[in-house]
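When a residue number appears, it is its place in the shown sequence, counting from 1. Because the structure is a prediction, the values reported are computed rather than measured.
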Amino acid sequence: MQKLRELFGLPVLITGTGAQIGEVQEVIVDLEQAAVRGIVLAGANWFANDQGIVFEDLFRVGRDAIMVRANYAVRELTPAIMPGTVNYVRDLLDKQIYTDAGLSLGILVDALYDGTTGEIKAYEISDGLITDLLYGRKIMPLPQAQVVGQDKLIVPDTMTDLLIPESK
């Protein structure tokens, strides 16, 4: 599994020519469907906002670059292209996570996803710097139901039983 935060800043390259068509500025996710919907590019087009590529048009998501077959994959990302409830990853990261019973689980540091399918599998949660150093971060499977607030995430209380230490 890969981490969504690691996509930021990666170059997007065309496989046939090696030309760089931009860098990943943002990642768009659909939490209800637990899926990565696309990437927003920095430097793709100076005259339009939210130029990007839907996940299905990405050829490969590598460790050091994202590969596409041709620059026609870049398009304006509109709600019609990405139906459902979509969020920018930067709007989700660093939010405090609470259960619906009022227990704080920590801060959402990252989301883990399958680079082949785009399926979001789990959240990486920090309980503070010292706890992270001593015990490591925790991994929580993606909750089926959650509320995304302005600065908090609310998840079902049952998620406390599913927290596991991050394997290093």
Side-chain angles (χ1 to χ4, degrees), residues 1-97 106-126 129 132 137-144 146-153 155 166-168:
M1 282 194 283
Q2 296 174 290
K3 295 181 179 186
L4 284 175
R5 194 181 284 262
E6 294 172 352
L7 294 177
F8 297 133
L10 285 183
V12 179
L13 308 175
I14 298 174
T15 57
T17 64
Q20 181 171 334
I21 56 175
E23 290 181 355
V24 178
Q25 178 181 2
E26 184 59 86
V27 180
I28 301 173
V29 295
D30 182 343
L31 295 179
E32 290 177 5
Q33 299 298 315
V36 176
R37 290 291 182 217
I39 59 172
V40 176
L41 299 179
N45 188 336
W46 288 79
F47 303 107
N49 290 332
D50 287 348
Q51 290 286 308
I53 304 170
V54 295
F55 189 83
E56 292 78 22
D57 289 341
L58 300 177
F59 178 62
R60 293 273 192 274
V61 178
R63 187 186 78 193
D64 299 318
I66 294 177
M67 308 303 289
V68 295
R69 292 194 188 274
N71 62 355
Y72 64 77
V74 177
R75 58 179 124 174
E76 189 171 344
L77 299 178
T78 62
I81 292 174
M82 289 180 277
T85 307
V86 294
N87 298 90
Y88 290 121
V89 168
R90 289 189 201 264
D91 292 341
L92 297 173
L93 297 178
D94 303 322
K95 287 185 187 270
Q96 186 71 37
I97 300 177
I107 295 174
L108 177 61
V109 176
D110 214 334
L112 305 172
Y113 77 105
D114 182 320
T116 306
T117 64
E119 181 182 1
I120 301 171
K121 301 283 192 175
Y123 286 151
E124 181 181 27
I125 301 172
S126 170
L129 178 62
D132 289 353
R137 293 182 172 160
K138 295 178 227 158
I139 302 296
M140 177 178 72
L142 191 70
Q144 289 184 345
Q146 59 188 314
V147 175
V148 179
Q150 186 172 358
D151 58 350
K152 294 175 182 46
L153 285 171
V155 300
E166 179 182 35
S167 59
K168 301 245 176 195

Do [X] and [Y] have side chains that approach each other closer than 4.5 Å (heavy atoms only, starting at C-beta)?
X: V109; Y: L93; result: no
X: I120; Y: D114; result: no
X: L31; Y: V148; result: yes
X: V68; Y: L13; result: no
X: V61; Y: L7; result: yes

If I compare all heavy atoms of [X] with all of [Y], which pair ends up nearest, and what's the gap?
X: A70; Y: I14; answer: CA-CG2, 4.0 Å
X: L92; Y: L108; answer: O-CD2, 3.4 Å
X: Q2; Y: G115; answer: OE1-CA, 3.1 Å

Legend entry - Pi-cation contact, Y123 with R137 (under 6.0 Å, within 45°): no

Are the side chain of [X] and the backbone of [Y] linked by a donor-acceptor contact shorter than 3.5 Å?
X: E26; Y: V89; result: yes
X: K95; Y: Q150; result: yes
X: R90; Y: Q25; result: yes

Inset, instruction - Given side-chain contact (heavy atoms from CB on, under 4.5 Å), test I107 with I97 step by step and report yes or no. - result: CA-CA 6 Å; I107 295 174; I97 300 177; over 6 Å; no

Inset, instruction - Give me the one residue out of R37, R69, R75 that meets salt bridge (charged side-chain N to carboxylate O under 4.0 Å, His left out) with D57. - result: R75

Inset, instruction - Could you tell me whether D94 and R5 have a side-chain N and a carboxylate O separated by less than 4.0 Å? - result: yes

Looking at [atom1] of [X] and [atom2] of [Y], how far apart are the two atoms once the value is rounded to the nearest 0.5 Å?
X: M1; Y: Y113; atom1: CE; atom2: OH; value: 12.0 Å
X: I53; Y: L58; atom1: CD1; atom2: CG; value: 5.5 Å
X: L4; Y: I39; atom1: CG; atom2: CD1; value: 11.5 Å
X: D110; Y: S126; atom1: CG; atom2: OG; value: 11.5 Å
X: E119; Y: L142; atom1: CD; atom2: CG; value: 9.0 Å
X: T117; Y: F55; atom1: OG1; atom2: CZ; value: 6.5 Å

Legend entry - Q144 atom CD: more than 12 heavy-atom contacts under 6.0 Å: no

Inset, instruction - Assess whether side-chain contact (heavy atoms from CB on, under 4.5 Å) is satisfied between V24 and V40, documenting all intermediate values. - result: CA-CA 6 Å; V24 178; V40 176; over 6 Å; no

Inset, instruction - May I have the step-by-step check of side-chain contact (heavy atoms from CB on, under 4.5 Å) for I28 and N87, ending in yes or no? - result: CA-CA 6 Å; I28 301 173; N87 298 90; over 6 Å; no

